[in-house]
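Only one structure is covered here, and it is reproduced in the block below.
Lettering of chains follows the sequences in order, A, B, ..., and the numbering in each one begins at 1.
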Number of protein chains: 2
Amino acid sequence: MSRVVTERKDVIAMLAEIFREHGYDGASLSLITEKTGLGKGSLYHFFPGGKEEMAEAVLSDIAAWFRTHIFDALREGEDPAEAIEAMFAGVDSYFRQGRRLCLMGVIATSGGHDRFARDLNGYFTDWRTELAAALERAGAPTAECSALAEEIVGGIQGALILARSLDDPGAFGRVLSRLKARCLMAPAS
Amino acid sequence: MSRVVTERKDVIAMLAEIFREHGYDGASLSLITEKTGLGKGSLYHFFPGGKEEMAEAVLSDIAAWFRTHIFDALREGEDPAEAIEAMFAGVDSYFRQGRRLCLMGVIATSGGHDRFARDLNGYFTDWRTELAAALERAGAPTAECSALAEEIVGGIQGALILARSLDDPGAFGRVLSRLKARCLMAPAS
DNA sequence: GCATTTGTGTACCGATCGGTAAAGTGTTTA
DNA sequence: TAAACACTTTACCGATCGGTACACAAATGC
């Protein structure tokens with residue numbers, strides 16, 4: 001049944017926060033052991049590939065979350081406008097109203113981003129593609145959809161950086177609602 | 001007169017590219033000595049405070065560039081609309097059409113961002129403030145200006161991350177031109 | 001000329017880096 | 001009950017980390 005000891009998925013969740021907070025290079029093994037409460041032995045038991053496998057596991061975990069909670073809804077939702085609205089709500093919640101960074105963005109600006117280029121590319125490509133398709137289904141002009149999706153996906157990343165840099169999480173929500181307004185406006189245009 | 005040997009400002013320019021490319025933690029002293037061609041002795045002669053002073057110098061150098069080339073023009077330009085247009089052109093050029101990351105953004109997503117929080121906050125605060133003021137002078141509705149400026153400054157950061165992650169520098173220019181269009185649209189609304 | 005400043009190269013420091021090895025502790029299964 | 005498995009602890013590895021000390025060379029000032 002439910003065990004008290006730490007399972008792999010719990011470790012991944014903790015690792016995600018550590019990488020988010022300190023970046024890939026900044027997340028040293030000693031920091032990881034300290035924050036997770038797990039010794040190196042346990043860590044290398046779960047992730048024989050070491051730090052790189054840890055980050056890989058976290059990234060693919062995040063990618064899976066977005067796929068099931070955001071992208072799939074955009075693609076399969078009956079009402080595309082509703083799915084887009086749900087996307088904004090989900091994003092706001094996932095990034096804790098601007099208090100949490102996007103690990104994909106963190107890795108993208110990290111030195112060793114080449115190592116994870118495939119994950120990053122897949123994540124942003126999927127998001128852009130699915131959002132563009134949903135926008136079109138919602139009635140936005142075909143020519144507009146791809147560029148608008150690009151603007152929104154990028155805008156979310158930028159808003160997170162802005163909120164963090166200004167030490168003003170509220171900036172995230174403000175930008176988010178403006179981006180959402182653009183979506184609702186597009187079909188009418 | 002002009003010397004062949006490396007001057008402090010040349011070192012700062014090289015350091016900027018190294019930090020951009022590898023992040024703060026990823027830019028090791030050995031990497032810095034290799035890329036700059038300067039030994040530790042020279043480095044610590046220019047920057048007695050070590051790596052932290054190097055980053056500090058780079059950040060204040062960047063802040064100064066934006067102040068003189070972007071912010072001042074936004075504030076003092078006779079034609080605010082023209083100054084905004086120049087801002088977009090300057091930004092596109094500065095970030096090499098999306099092939100260069102913003103070091104402020106890189107540091108913001110870096111673990112040791114607390115150390116440079118003041119620089120980051122100043123940079124983004126100034127940009128937002130000056131752009132909002134220019135927008136208002138250009139005829140945008142007062143209530144709109146601050147939020148629009150926030151959206152644009154954030155949008156630029158996000159576009160850089162997107163361009164890097166998608167390995168598609170063109171995405172930067174596309175988002176940039178859409179953001180610019182929003183500025184030109186605002187006064188009319 | 002000589003002294004001073006400015007810049008450089010080399011060797012070294014302790015601390016920490018990511019990673020390994022292997023003995024030990026449970027818990028599960030046959 | 002005993003072998004098998006899952007997980008942890010501890011000690012250790014060589015490499016690299018950021019930083020220091022100091023002798024040394026090149027330019028500069030008088």
Side-chain angles (χ1 to χ4, degrees), chain A residues 1-59 103 106-107 110-116, chain B residues 1-59 61 103 106-107 110-116 119:
Chain A
M1 286 305 156
S2 80
R3 311 192 2 194
V4 180
V5 303
T6 318
E7 294 181 21
R8 198 184 134 104
K9 67 183 176 69
D10 302 319
V11 183
I12 290 178
M14 287 189 285
L15 288 173
E17 295 311 314
I18 298 170
F19 282 126
R20 248 187 259 275
E21 197 67 25
H22 299 89
Y24 182 74
D25 292 310
S28 68
L29 276 247
S30 70
L31 184 69
I32 291 173
T33 61
E34 177 198 329
K35 297 273 183 189
T36 60
L38 268 58
K40 285 188 182 184
S42 308
L43 253 8
Y44 275 83
H45 171 73
F46 288 121
F47 310 98
K51 198 171 151 181
E52 190 162 339
E53 188 179 338
M54 296 180 208
E56 197 68 65
V58 169
L59 289 179
L103 185 55
V106 169
I107 297 292
S110 205
H113 105 281
D114 308 314
R115 231 176 305 197
F116 308 106
Chain B
M1 285 303 158
S2 80
R3 308 190 5 191
V4 180
V5 303
T6 317
E7 293 181 19
R8 200 184 131 104
K9 67 182 176 70
D10 302 318
V11 183
I12 290 179
M14 287 189 284
L15 288 173
E17 295 312 312
I18 298 169
F19 282 125
R20 247 187 259 277
E21 197 66 26
H22 299 88
Y24 182 74
D25 292 309
S28 68
L29 273 258
S30 70
L31 184 69
I32 291 173
T33 61
E34 177 198 328
K35 297 272 182 186
T36 60
L38 268 60
K40 285 189 182 184
S42 307
L43 252 9
Y44 276 83
H45 171 73
F46 288 121
F47 310 97
K51 197 172 149 178
E52 191 163 338
E53 188 178 339
M54 295 179 209
E56 198 68 64
V58 169
L59 289 180
D61 187 66
L103 184 56
V106 169
I107 298 292
S110 203
H113 105 283
D114 307 316
R115 231 176 305 196
F116 308 105
D119 301 80

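- Annotation for B:I18 and B:A27: closest pair CG2-CB, 3.9 Å, computed over non-hydrogen atoms.
- Looking at residues two or more places apart in sequence or on another chain, you find a salt bridge (charged side-chain N to carboxylate O under 4.0 Å, His left out) between A:E17 and A:R20, A:R100.
- The CD-P distance, from B:E34 to C:dG9, rounds to 15 Å in whole Å.
- Of the side-chain N and O atoms in B:H45, none sit less than 4.0 angstrom from OP1 or OP2 of C:dT8.
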Heavy atoms under 4.0 Å is the rule here; annotate nucleotides 15-20 of chain C 5' to 3' with B where the base is hit, S where only the sugar-phosphate is, and - elsewhere. --SBBB

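- Following rounding to the nearest Å, A:F46 (CZ) and D:dT9 (P) show an atom-to-atom distance of 12 Å.
- Summarising the geometry, the separation between CD on A:E7 and C1' on C:dT27 is reported as 14 Å, rounded to the nearest angstrom.
- Here the closest heavy-atom approach between residue B:L103 and residue B:A16 is recorded as CD2-O, 4.5 Å.
- A:Y24 and A:F19 have parallel rings, their planes meeting at less than 30° on a 0 to 90° scale where 60° marks the start of perpendicular.
- Residue pairs meeting the side chain to side chain donor-acceptor pair (under 3.5 Å) criterion with at least one partner in residues 47-58 of chain A, sequence neighbours excluded, are A:E52-A:R115.
- When all heavy atoms are compared, the tightest approach of B:G50 to B:Y44 is CA-CE2, 3.4 Å.
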